[in-house]
Number of protein chains: 2
Amino acid sequence: MIIAGATAYFSEVGLEGNTRELSKRLGVTQSLIFNYFNTKTDLIEAVYRAVYLDRISPDWPALIGDRSRSIHDRTLTFYREYTHAIFSYEWMRIFMFSGLAGAELNRRYLEFVSGLLLRPLMEEVCLAAPGPEKPEMEDIWNLHGGIVYIGIRRYIYQVPCPEDSGPEIRAAVGRFLSAFDIPCQD
Amino acid sequence: MIIAGATAYFSEVGLEGNTRELSKRLGVTQSLIFNYFNTKTDLIEAVYRAVYLDRISPDWPALIGDRSRSIHDRTLTFYREYTHAIFSYEWMRIFMFSGLAGAELNRRYLEFVSGLLLRPLMEEVCLAAPGPEKPEMEDIWNLHGGIVYIGIRRYIYQVPCPEDSGPEIRAAVGRFLSAFDIPCQD
DNA sequence: ACCATAATAGATCATTTGATCAATAAAGAA
DNA sequence: TTCTTTATTGATCAAATGATCTATTATGGT
């Protein structure tokens with residue numbers, strides 16, 4: 001309950017939010033928090049773990065590599081599931097706060113995304129591309145960034161944004177793959 | 001000098017950085033800061049203004065609307081100049097910190113980008129697109145996000161990144177416009 | 001019912017931090 | 001020089017904040 005409350009509170013005000021305000025929101029005393037967490041840093045680490053863990057599906061590498069499905073279908077499915085997992089007020093903001101703070105978990109997460117999701121995706125797109133035009137990692141990062149930026153606008157900057165990002169994700173994936181002469185089926 | 005130092009300091013540690021550490025970096029006493037700024041909030045506002053101002057070129061709307069040049073040339077030139085202006089450690093991080101804090105200036109900036117840069121850009125792409133396929137605002141935001149995300153990786157997440165983003169910007173613009181049947185000249 | 005353990009509260013400490021104020025040093029005009 | 005104004009410092013206040021410690025209350029097993 002403390003971790004859940006801390007996640008909600010810190011995602012709102014940042015990791016420098018104070019434990020007294022947090023305890024007030026939780027309806028408990030401030031000292032209770034320190035009964036379960038030795039330091040505030042420990043609490044933040046717990047929030048990191050709670051937010052980062054179980055957000056990554058272990059099925060994604062297999063999905064990306066599943067050549068029985070078209071690359072368009074795989075890419076679109078992956079980004080639908082990926083954005084479904086990370087497009088939340090709490091995840092996006094905790095991720096950005098921890099990224100700005102230079103958290104280790106943040107960098108490890110991005111290494112995972114790069115090495116086990118985006119690089120395989122790039123290789124699959126390379127294989128599926130019929131012509132000489134093949135994507136490099138930076139191209140995949142560009143696709144990725146364009147999609148993730150929807151969540152940044154929505155939850156970080158909190159500017160008006162369509163609530164359903166599905167159509168734009170489909171359009172972005174379609175544009176990206178067609179640049180490598182991969183047709184968008186259906 | 002205080003504003004410059006505060007910009008460097010706050011962009012590194014966030015807007016909650018304390019005035020004592022700042023004064024130490026500046027080589028002055030802490031009380032001196034409060035001689036020039038009534039409150040810390042005033043100082044932060046001054047940092048905002050210093051960072052945001054003079055980063056937007058007044059020539060961009062004219063550049064985007066200059067139909068004597070190809071849309072590809074205009075889009076590419078705009079994003080080269082735009083990223084040249086905002087891709088800096090200080091700007092990217094102050095912008096993100098202030099965005100997370102919900103700063104008013106942040107929202108006004110995004111309204112400016114949307115209304116006076118991206119919407120005109122969208123209209124120009126619509127005019128240049130020969131086929132029935134026309135971009136909407138979300139498509140332009142996708143192009144924009146993919147490019148800005150390079151700076152986010154570089155300065156926010158601080159992950160390995162090519163130092164020259166020029167080639168990827170060219171590639172991204174090329175892919176985007178060709179999706180609307182606009183050929184990439186040269 | 002009894003007892004050991006866990007949960008929770010309240011008071012408090014020590015540090016940090018924004019802000020103030022009086023005093024001193026520097027600068028520049030007359 | 002002299003005087004006024006500005007720049008700068010050092011000491012200090014008051015509030016906020018992470019953390020601690022003791023006492024009290026609840027819980028569950030026997």
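Below, chains carry the letters A, B, ... as their sequence lines are ordered, and counting in each starts from 1.
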- nucleotides 11-26 of chain D: protein proximity per nucleotide (B base, S sugar-phosphate only, - neither; heavy atom, under 4.0 Å): -B----BBBB------
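Under the side chain to side chain contact (heavy atoms under 4.5 Å, CB included) criterion, Tyr155(B) pairs with Phe87(B), Tyr89(B), Met92(B), sequence neighbours left out. Applying the salt bridge (Lys or Arg N to Asp or Glu O under 4.0 Å) rule to Arg153(A) yields the partners Glu138(B); only residues at least two apart in sequence or on another chain are considered. For Asn18(B), the side chain to side chain contact (heavy atoms under 4.5 Å, CB included) test picks out Tyr9(B), Arg20(B), Glu21(B), with sequence neighbours left out. Listed by chain and residue number, Phe37(B), Asn38(B), Thr39(B) satisfy the side chain to side chain contact (heavy atoms under 4.5 Å, CB included) test with Asp42(B) (two or more places apart in sequence, or in another chain).
In this structure, CD1 of Ile33(B) is placed 9 Å from P of dG18(C), rounded to the nearest angstrom.
Sequence neighbours left out, the pairs with a member in residues 110-134 of chain A that pass salt bridge (charged side-chain N to carboxylate O under 4.0 Å, His left out) are Arg67(A)-Glu124(A), Arg74(A)-Glu124(A). Residue pairs that meet the ring pair (Phe, Tyr, Trp, His ring centres under 6.0 Å) test with at least one member in residues 117-140 of chain B, sequence neighbours left out, do not exist here.
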Check: protein-nucleotides 5-7 of chain C nitrogen or oxygen pairs below 3.5 Å:
residue : atom : partner  : partner atom : Å
dA7(C)  : O5'  : Tyr36(A) : OH           : 3.3

Give the table of side-chain donor-acceptor pairs shorter than 3.5 Å for residues 99-107 of chain A, with sequence neighbours excluded, one pair per line with atom names and distance.
residue   : atom : partner  : partner atom : Å
Asn106(A) : ND2  : Tyr52(A) : OH           : 2.9
Asn106(A) : ND2  : Phe95(A) : O            : 3.0
Asn106(A) : ND2  : Ser98(A) : OG           : 2.8

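Few gaps surround CD on Glu81(A); more than 12 heavy atoms of other groups in view lie less than 6.0 Å from it.
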